[in-house]
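In what follows, residues are counted from 1 in the order of the sequence shown.
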Amino acid sequence: MNTNDALLTGVLAEIEYRREELQRAGRSVWVDRARRAGKRIRAHRAEVRVPAQQRREAVQAPARSGEITR
(Lines give C-alpha, C1' and ligand atoms only; values in the text may rest on other atoms or scores of the structure.)
Protein backbone atom coordinates (compact mmCIF):
# COMPACT_ATOMS: atom_id res chain seq x y z
CA MET A 1 0.00 0.00 0.00
CA ASN A 2 1.52 3.30 -0.97
CA THR A 3 0.97 6.77 0.52
CA ASN A 4 -1.72 7.74 -2.00
CA ASP A 5 -3.82 4.69 -1.14
CA ALA A 6 -3.57 5.48 2.57
CA LEU A 7 -4.62 9.10 1.98
CA LEU A 8 -7.51 8.04 -0.23
CA THR A 9 -8.71 5.55 2.38
CA GLY A 10 -8.57 8.27 5.05
CA VAL A 11 -10.47 10.75 2.90
CA LEU A 12 -13.14 8.19 2.02
CA ALA A 13 -13.57 7.31 5.71
CA GLU A 14 -13.98 10.99 6.58
CA ILE A 15 -16.53 11.47 3.80
CA GLU A 16 -18.55 8.50 5.01
CA TYR A 17 -18.45 9.76 8.61
CA ARG A 18 -19.63 13.24 7.63
CA ARG A 19 -22.36 11.83 5.38
CA GLU A 20 -23.71 9.78 8.28
CA GLU A 21 -23.60 12.81 10.61
CA LEU A 22 -25.47 14.97 8.10
CA GLN A 23 -28.01 12.23 7.55
CA ARG A 24 -28.53 11.88 11.30
CA ALA A 25 -28.88 15.67 11.70
CA GLY A 26 -31.38 15.83 8.83
CA ARG A 27 -33.42 13.05 10.38
CA SER A 28 -33.57 14.82 13.74
CA VAL A 29 -34.81 18.01 12.05
CA TRP A 30 -37.55 16.03 10.31
CA VAL A 31 -38.54 14.36 13.59
CA ASP A 32 -38.70 17.74 15.37
CA ARG A 33 -40.95 19.20 12.67
CA ALA A 34 -43.25 16.18 12.81
CA ARG A 35 -43.41 16.41 16.60
CA ARG A 36 -44.33 20.11 16.47
CA ALA A 37 -47.01 19.46 13.88
CA GLY A 38 -48.43 16.68 16.05
CA LYS A 39 -48.58 19.02 19.04
CA ARG A 40 -50.48 21.61 17.01
CA ILE A 41 -52.97 19.02 15.82
CA ARG A 42 -53.54 17.65 19.32
CA ALA A 43 -53.96 21.16 20.75
CA HIS A 44 -56.47 22.00 18.03
CA ARG A 45 -58.46 18.82 18.68
CA ALA A 46 -58.55 19.49 22.42
CA GLU A 47 -59.79 23.00 21.67
CA VAL A 48 -57.75 24.50 24.44
CA ARG A 49 -58.31 28.20 24.76
CA VAL A 50 -55.25 30.13 25.79
CA PRO A 51 -55.85 33.73 26.81
CA ALA A 52 -53.85 36.37 25.00
CA GLN A 53 -50.80 37.56 26.85
CA GLN A 54 -50.96 41.00 28.37
CA ARG A 55 -47.93 43.23 28.47
CA ARG A 56 -46.88 44.20 31.97
CA GLU A 57 -44.98 47.38 32.69
CA ALA A 58 -41.82 47.16 34.76
CA VAL A 59 -42.30 48.77 38.14
CA GLN A 60 -39.33 49.65 40.30
CA ALA A 61 -39.84 48.95 43.98
CA PRO A 62 -38.61 51.67 46.32
CA ALA A 63 -35.42 50.84 48.21
CA ARG A 64 -35.72 50.33 51.95
CA SER A 65 -33.72 52.73 54.09
CA GLY A 66 -30.22 51.57 54.89
CA GLU A 67 -30.19 49.11 51.97
CA ILE A 68 -27.47 49.48 49.37
CA THR A 69 -28.79 49.38 45.83
CA ARG A 70 -26.71 48.67 42.77
Side-chain angles (χ1 to χ4, degrees):
M1 180 181 254
N2 63 25
T3 307
N4 289 337
D5 289 341
L7 287 173
L8 180 60
T9 303
V11 169
L12 291 175
E14 181 71 18
I15 289 170
E16 182 64 21
Y17 170 77
R18 290 184 185 214
R19 187 189 62 78
E20 288 175 1
E21 288 295 313
L22 288 171
Q23 195 174 34
R24 196 173 301 127
R27 190 176 303 125
S28 68
V29 169
W30 181 85
V31 169
D32 287 342
R33 286 181 185 157
R35 190 174 294 136
R36 276 186 271 149
K39 283 183 180 180
R40 280 193 215 114
I41 291 169
R42 285 191 300 274
H44 182 68
R45 285 184 185 164
E47 295 183 17
V48 176
R49 300 288 181 232
V50 179
Q53 291 184 343
Q54 296 177 354
R55 186 176 186 90
R56 293 183 284 172
E57 297 298 324
V59 178
Q60 184 176 3
R64 289 179 267 178
S65 67
E67 189 174 306
I68 298 174
T69 58
R70 295 181 185 194

query = Rounded to the nearest 0.5 Å, what separation is found between the CD atom of Glu20 and the CD atom of Glu16?
reply =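 Rounded to the nearest 0.5 Å, the CD-CD separation comes out at 4.5 Å.
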request  = Quick one: pull up CZ in Arg19 and CZ in Arg24 and give me the separation to the nearest 0.5 Å.
outcome  =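 With rounding to 0.5 Å, CZ (Arg19) is 10.0 Å from CZ (Arg24).
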Heavy atoms of other groups near Arg18 CZ, more than 12 under 6.0 Å =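 Count not over threshold, so no.
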ask   = Are Asp32 and Arg35 close enough, and set up right, to give a side-chain contact (heavy atoms from CB on, under 4.5 Å), and what steps lead you there?
value = CA-CA 5 Å; Asp32 287 342; Arg35 190 174 294 136; 3.5 Å; yes
